[in-house]
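Protein chains get the first letters and strands the later ones, always in sequence-line order, with residue 1 at the start of each.
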Amino acid sequence: MKLPESFYLNSDVVHLSRSLIGKYLFTCIDGVTTGGYIVETEAYNGIIDRASHSFGNKITPRTKTMFMQGGIAYVYLCYGIHEMFNVVTSVEGQPHAILIRAIQPTDGLDEMLYRRNMIKLKPNITSGPGSVAKALGISRNINAVSLQSDVLWIEDRGLSFTDDEIAAVPRVGVDYAGDDALLPYRFYVKGNPYVSKPNK
DNA sequence: GTACGGATGCCCT
DNA sequence: GGGCATCCGTACG
């Protein structure tokens, strides 16, 4: 069952980021469904978070998606190469987002292999935010698309992890964020092979 | 108009 | 473990 819109309206983005671990993320593009369950996330806590694009209430053509009501996708380009998929959360005007950094693939393996130009299944197929987006066929043309749509959605299939099984550590690649770079806003399933590189 | 740097991943050693 | 591709978004003038 799809997570309802109300799930995304919670104003505690760090809690939600933890909650998304074990949820199933799917896309359906050209009739092909691909997806798996989320094993790594990062929370970006709105205008007070130096690591967030929306820090300082910065509204630009790119970041305006983050200011919309929760329950939609925020997709942007990083390093000129990689598309990044985020879940926008909280109410309109509060620009919270959760970066999906890794999933364990379960559905549409062949299509994901094709999109990643891979012959054989290896953990790096969906390890790291750029890889997740590419494997799922996510690009900027689904920016601001609703997670209630039939293109992109998240399901709860009853899979859950205990706090002992989940690590909470500082985020990756946000050294520019000063003290905020130290916040334990990155969550991942300990020992899961699909978790992206810095997994110690 | 132009300059600068980034929420990375891949390939090589 | 390190170098580097690659180009948009943003700020500033």
Side-chain angles (χ1 to χ4, degrees), chain A residues 8 13-18 20-21 25 36 38-68 70 72-90 94-105 112-144 152 167-189 192-200:
Chain A
Y8 302 103
V13 69
V14 178
H15 170 74
L16 277 180
S17 188
R18 159 71 177 82
L20 282 178
I21 300 288
L25 170 65
I38 296 166
V39 296
E40 182 179 358
T41 61
E42 280 180 2
Y44 286 84
N45 190 24
I47 65 173
I48 61 167
D49 181 354
R50 297 194 76 91
S52 174
H53 295 160
S54 57
F55 174 70
N57 214 33
K58 189 168 71 176
I59 305 182
T60 67
R62 179 175 65 154
T63 64
K64 69 180 182 193
T65 304
M66 300 179 81
F67 289 82
M68 298 169 72
I72 63 172
Y74 170 47
V75 185
Y76 68 92
L77 188 71
C78 185
Y79 292 104
I81 307 173
H82 307 291
E83 314 266 356
M84 304 277 189
F85 168 66
N86 298 250
V87 176
V88 176
T89 67
S90 195
Q94 193 166 60
H96 292 175
I98 299 168
L99 175 66
I100 306 301
R101 292 190 54 90
I103 69 171
Q104 170 142 353
M112 288 194 276
L113 286 167
Y114 174 73
R115 288 173 181 153
R116 296 276 290 124
N117 296 316
M118 293 169 63
I119 309 290
K120 204 164 161 254
L121 183 63
K122 289 183 296 184
N124 69 358
I125 186 172
T126 49
S127 177
S131 300
V132 169
K134 192 170 183 198
L136 293 178
I138 291 171
S139 64
R140 279 165 291 162
N141 60 22
I142 62 159
N143 184 51
L152 174 72
V169 302
R171 293 168 291 185
V172 177
V174 295
D175 295 341
Y176 57 85
D179 289 344
D180 289 344
L182 305 176
L183 296 167
Y185 284 0
R186 175 179 176 230
F187 299 93
Y188 64 85
V189 178
N192 184 284
Y194 294 94
V195 171
S196 67
K197 261 291 196 299
N199 53 199
K200 297 300 181 251

Quiz item: Where along nucleotides 2-13 of chain C does protein come under 4.0 Å, by heavy atom, of base (B) or sugar-phosphate alone (S), with - for untouched nucleotides?
Solution: ---BBBSSSS--

Quiz item: B:dA7 P sits how many Å from A:His96 NE2, rounded?
Solution: 18 Å

Quiz item: Is A:Tyr185 close to A:Val174 at the side-chain level, that is, under 4.5 Å between some pair of heavy atoms?
Solution: no

Quiz item: How would DNA chain C look in dot-bracket form, 5' to 3', counting Watson-Crick and G-U wobble pairs with both distances under 3.5 Å and writing | for bases paired to another strand?
Solution: |||||.||||||.

Self-check item: Whole angstrom value for the distance that separates P of B:dG6 from CG of A:Leu99
Solution: 16 Å

Quiz item: Within the side chain of A:Arg116, is there an N or O that forms a donor-acceptor pair under 3.5 Å with the backbone of A:Ile125?
Solution: yes

Exercise. Taking atom CZ of A:Phe55 as the centre, report whether more than 12 heavy atoms of other residues, nucleotides or ligands fall under 6.0 Å from it.
Key: yes

Quiz item: Does a side-chain heavy-atom distance below 4.5 Å link A:Arg101 with A:Tyr194?
Solution: no

Quiz item: What is the distance, rounded to the nearest whole Å, between atom CE of A:Met66 and atom P of B:dA7?
Solution: 11 Å

Quiz prompt | Distance, rounded to the nearest Å, where A:Lys122 contributes NZ and B:dC11 contributes P | solution = 8 Å

Quiz prompt | Check: A:Arg140 main-chain N/O paired with A:Glu83 side-chain donor or acceptor under 3.5 Å | solution = yes

Quiz item: Can you check whether A:Thr65 reaches A:Tyr76 side chain to side chain, under 4.5 Å on heavy atoms?
Solution: no

Quiz item: Among the nucleotides B:dC10, B:dT8, B:dG6, which one has an atom lying closest to any side-chain atom of A:Arg116?
Solution: B:dC10

Quiz item: CG of A:Asp180 versus P of B:dA7: gap in Å, rounded?
Solution: 14 Å

Quiz item: Looking for any heavy atom pair under 4.0 Å, which part of the strands does A:Met118 touch: base, sugar-phosphate only, or nothing?
Solution: nothing

Self-check item: A:Ser54 (side chain) donor-acceptor with A:Phe67 (main chain) under 3.5 angstrom
Solution: no

Practice problem: Locate the shortest heavy-atom distance separating A:Thr63 from A:Lys58; write the atom from each residue and the value. | Solution: OG1-O, 2.8 Å

Quiz item: Of the options A:Val14, A:Leu16, A:Ile21, which is the one that meets A:Thr41 in a side-chain contact (heavy atoms from CB on, under 4.5 Å)?
Solution: A:Ile21

Quiz prompt | Whole-Å distance separating the OH atom of A:Tyr76 from the C1' atom of B:dG5 | solution = 13 Å

